Each structure stands twice: as structure tokens, then as C-alpha cells.
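Below: one structure, written as C-alpha cells.
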Amino acid sequence: MIIGKVQNILFILILFVILQGCDMFEDTPEPVFKVYGDPSILEKMVINVENSINDARYPGYPVSKVQTQLYKGKQQSFQNMVVISYAIYFSYENQVNKLIFDNLMGNKQGHINHIYVFKKDDGIYLKYYGLESDIQKKVGPTSETTITLEEYFKMNGILDEQDQRIYKNRFFDFFDPDTQVYYLQPLDKETIEYFKGLSLEEKKKYGLPTDYLKQMDLSEGELKELLKLSKEN
């Protein structure tokens with residue numbers, strides 16, 4: 001996901017706490033994803049899965065990669081290790097939406113990654129099941145109905161053209177599961193400006209990664225001081 005808006009600073013701080021406790025699951029493989037639904041609907045869909053992990057290079061900051069699970073009816077297969085959370089970008093014809101949820105950490109009995117696609121009132125929805133027992137109970141995160149890309153941008157305050165291109169790609173493009181690599185999630189312009197406006201002492205508290213610092217057009221002295229504290233160094 002793109003980390004954006006000032007409110008997401010809280011997300012970064014909360015995620016820092018969560019990620020520090022995840023090393024114990026370092027060698028736990030995740031179940032492969034499987035998609036279920038009407039084939040006539042699935043053949044018109046793209047489902048891309050963003051996996052967020054804890055990366056020792058950027059402790060406390062979200063690192064992720066996007067992999068295609070379903071492309072125009074054809075399912076892909078991939079398996080990752082120690083995923084913290086998922087963001088599912090999906091499109092049906094020219095309609096889109098996204099479903100975000102935390103992963104089940106550890107060796108949970110009956111752990112699965114199943115996505116069920118269904119149609120209701122002319123809209124397409126996703127429902128996720130993380131445990132086999134959830135299927136019978138019909139318990140699991142469910143997406144909102146699909147909307148146009150323009151409506152999605154408006155509802156989520158995505159105004160920057162570069163951010164819009166990134167989202168559009170994640171809704172409609174094919175991301176070969178075998179060639180994707182993990183990367184530090186980018187900040188949007190609003191959040192960059194927020195960090196830039198903080199005092200030097202306040203900036204130091206975040207231990208910002210080098211990539212973020214170099215986006216902020218800081219003074220040479222301030223940049224040098226913060227680079228010394230960067231969690232990559």
C-alpha cells in the first residue's frame with residue numbers, strides 16, 4: 001500500500017510495535033492463495049495481492065511486494081514467509097476496490113488463504129477466509145462493492161497523478177509472482193510535507209529511512225544529522 005495522509009503516521013507507529021514481535025515466526029510459510037467464484041465473473045477480473053512484511057533493513061516501517069493471484073480467470077500460485085498484513089487490489093471490468101486485513105500469525109490449525117468472489121446488487125465483492133472453520137461460520141473480512149476508478153480516487157483522497165498511476169497499475173496490471181521483490185512503501189506528498197514540517201528533534205524520534213529523508217528537500221545540515229540516526233545505518 002502507499003503510505004499516505006497525516007493520519008497514517010499513527011499507522012506507522014502502531015506497525016512498529018507489531019513488527020518487533022514477529023521475528024519468532026521467521027520460518028513460517030504462508031498458505032497459498034486460492035480464489036473461488038463464478039467462472040464467468042472471474043474471467044473478467046484481476047486480483048493482486050500486496051504482502052507486507054517486517055524487514056530488518058527498515059525496522060518499524062512497512063515493506064511489501066505485489067503479486068498477481070488472478071488475471072482474467074487464470075490463477076497464479078505463490079507462497080511467502082511471515083506476512084504481517086495483506087491488501088487485495090481487485091478489478092472487475094472497469095470497476096475496482098481494495099480489501100485490507102491482518103494476517104494470522106504463527107502456525108494456526110486450519111490456516112488458509114481463500115478468497116470468495118460474489119455478486120450482489122450489480123456489484124462485485126470479495127470475502128476472505130483465513131481459517132477452514134471460518135468458511136462454515138461465514139466469518140471473515142468482506143470488501144465494499146466495486147466502484148469506478150475515478151470514484152475510488154475521490155473517496156480516498158488520491159489526488160496526485162503519480163499515486164493514481166500506482167493504484168491503477170495495482171488494480172489492472174499483471175505482476176508476475178516469480179519476479180516481484182520487496183520494497184519500502186512510498187510516502188505520498190502530503191505525508192512528506194508533514195514530516196518535513198517537524199522540528200529536527202521531532203524528526204529524530206521517527207528514525208526515518210534514508211529513502212524518505214531524501215524526498216524531503218531538507219537542509220544539508222539537517223539531512224546529515226538525520227542520516228546518522230537512520231535505522232538503516
Side-chain angles (χ1 to χ4, degrees), residues 1-23 48-67 80 82-89 96-103 105 149-171 173 175 180-233:
M1 72 188 75
I2 299 174
I3 296 299
K5 298 185 178 295
V6 174
Q7 300 95 301
N8 285 340
I9 305 304
L10 178 61
F11 168 81
I12 292 175
L13 293 176
I14 294 173
L15 190 63
F16 177 84
V17 176
I18 295 173
L19 295 182
Q20 300 312 303
C22 294
D23 291 342
N48 289 321
V49 180
E50 182 178 23
N51 318 274
S52 293
I53 66 166
N54 182 22
D55 190 315
R57 296 172 299 171
Y58 309 105
Y61 287 90
V63 174
S64 69
K65 65 179 174 181
V66 179
Q67 296 168 291
N80 294 303
V82 204
V83 176
I84 306 303
S85 63
Y86 292 106
I88 312 296
Y89 296 80
V96 305
N97 220 317
K98 182 172 73 170
L99 176 63
I100 301 175
F101 51 89
D102 292 330
N103 186 29
M105 301 304 299
L149 188 63
E150 292 72 22
E151 288 173 325
Y152 185 88
F153 290 157
K154 184 176 181 180
M155 288 178 62
N156 292 277
I158 303 168
L159 306 177
D160 181 74
E161 289 186 5
Q162 182 176 347
D163 291 341
Q164 289 182 350
R165 283 195 296 272
I166 292 173
Y167 273 92
K168 184 178 181 180
N169 291 344
R170 292 180 182 181
F171 284 127
D173 287 4
F175 294 81
Q180 303 308 306
V181 296
Y182 285 105
Y183 63 95
L184 180 67
Q185 296 176 18
L187 297 176
D188 71 359
K189 290 182 178 179
E190 183 180 352
T191 307
I192 290 173
E193 289 302 315
Y194 170 81
F195 277 125
K196 184 179 176 181
L198 297 176
S199 68
L200 176 59
E201 291 307 311
E202 289 175 317
K203 289 188 183 80
K204 287 180 178 180
K205 295 176 183 177
Y206 287 99
L208 293 162
T210 299
D211 288 354
Y212 291 170
L213 293 172
K214 290 183 176 179
Q215 294 179 56
M216 294 181 193
D217 192 27
L218 302 171
S219 68
E220 184 177 346
E222 190 173 29
L223 178 60
K224 185 176 180 180
E225 187 72 19
L226 291 169
L227 285 175
K228 293 178 184 178
L229 300 174
S230 174
K231 292 181 177 180
E232 298 158 80
N233 300 324

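All figures in this text were calculated on a predicted structure; none of them were measured in a lab. When a residue number appears, it is its place in the shown sequence, counting from 1.
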N48 side, atom CG; D173 side, atom CG - distance, nearest 0.5 Å: 7.5 Å
Looking at N51 and V83, would you say the former's side chain and the latter's main chain have a donor-acceptor pair under 3.5 Å? no
Are V181 and K65 close enough that some pair of their side-chain heavy atoms sits under 4.5 Å apart? no
Evaluation steps, side-chain contact (heavy atoms from CB on, under 4.5 Å), between Y89 and V96: CA-CA 8 Å; Y89 296 80; V96 305; over 6 Å; no
For a 4.5 angstrom cut-off between non-hydrogen side-chain atoms, does K205 reach L198? no
Tell me, do F175 and R170 make a side-chain contact under 4.5 Å, heavy atoms counted? yes
Within a 6.0 Å radius of atom NZ on K168, are there more than 12 heavy atoms belonging to other residues, nucleotides or ligands? no
What's the separation between atom NZ in K214 and atom CG in L223, rounded to the nearest 0.5 Å? 7.5 Å
In the structure I gave you, are the side-chain heavy atoms of Y61 and D211 within less than 4.5 Å of one another anywhere? no
The reported gap from CD in Q162 to CG in D160 (rounded to nearest 0.5 angstrom) is 6.0 Å
Y183 and V66: side-chain contact (heavy atoms from CB on, under 4.5 Å), yes or no, with the steps? CA-CA 10 Å; Y183 63 95; V66 179; 4.2 Å; yes
Could you walk me through whether N156 and K98 pass side-chain hydrogen bond (donor to acceptor under 3.5 Å, both in side chains), step by step? CA-CA 11 Å; N156 292 277; K98 182 172 73 170; over 6 Å; no
Centroid separation under 6.0 Å, is that true for the rings of Y212 and Y206? no
Any idea which heavy atoms bring Q67 and N80 closest together, and the distance? OE1-ND2, 2.8 Å
Candidate pair L226 and L208, rule side-chain contact (heavy atoms from CB on, under 4.5 Å), full reasoning: CA-CA 8 Å; L226 291 169; L208 293 162; 5.7 Å; no
Less than 4.5 Å apart, side chain to side chain, heavy atoms only: is that true for L227 and T210? yes
Specify the closest pair of heavy atoms between Q215 and L187, including all atoms of both residues, with the distance to one decimal. OE1-O, 4.1 Å
Is the shortest side-chain heavy-atom distance between S85 and D102 below 4.5 Å? yes
Taking all heavy atoms of I84 and all of N54, pick out the closest pair and write down the distance. CG1-N, 3.9 Å
Salt bridge or not between E225 and K204? Use side-chain N to carboxylate O under 4.0 Å. yes
Note, V82 side chain near N103 side chain (heavy atom, < 4.5 Å): no
Which atom pair, heavy atoms only, marks the closest approach of K203 to K196? NZ-O, 3.1 Å
Report yes if some heavy atom in the side chain of I88 is under 4.5 Å from a heavy atom in the side chain of F101; otherwise report no. yes
If you take all heavy atoms of I158 and Q164, which pair is closest and at what distance? O-NE2, 2.9 Å
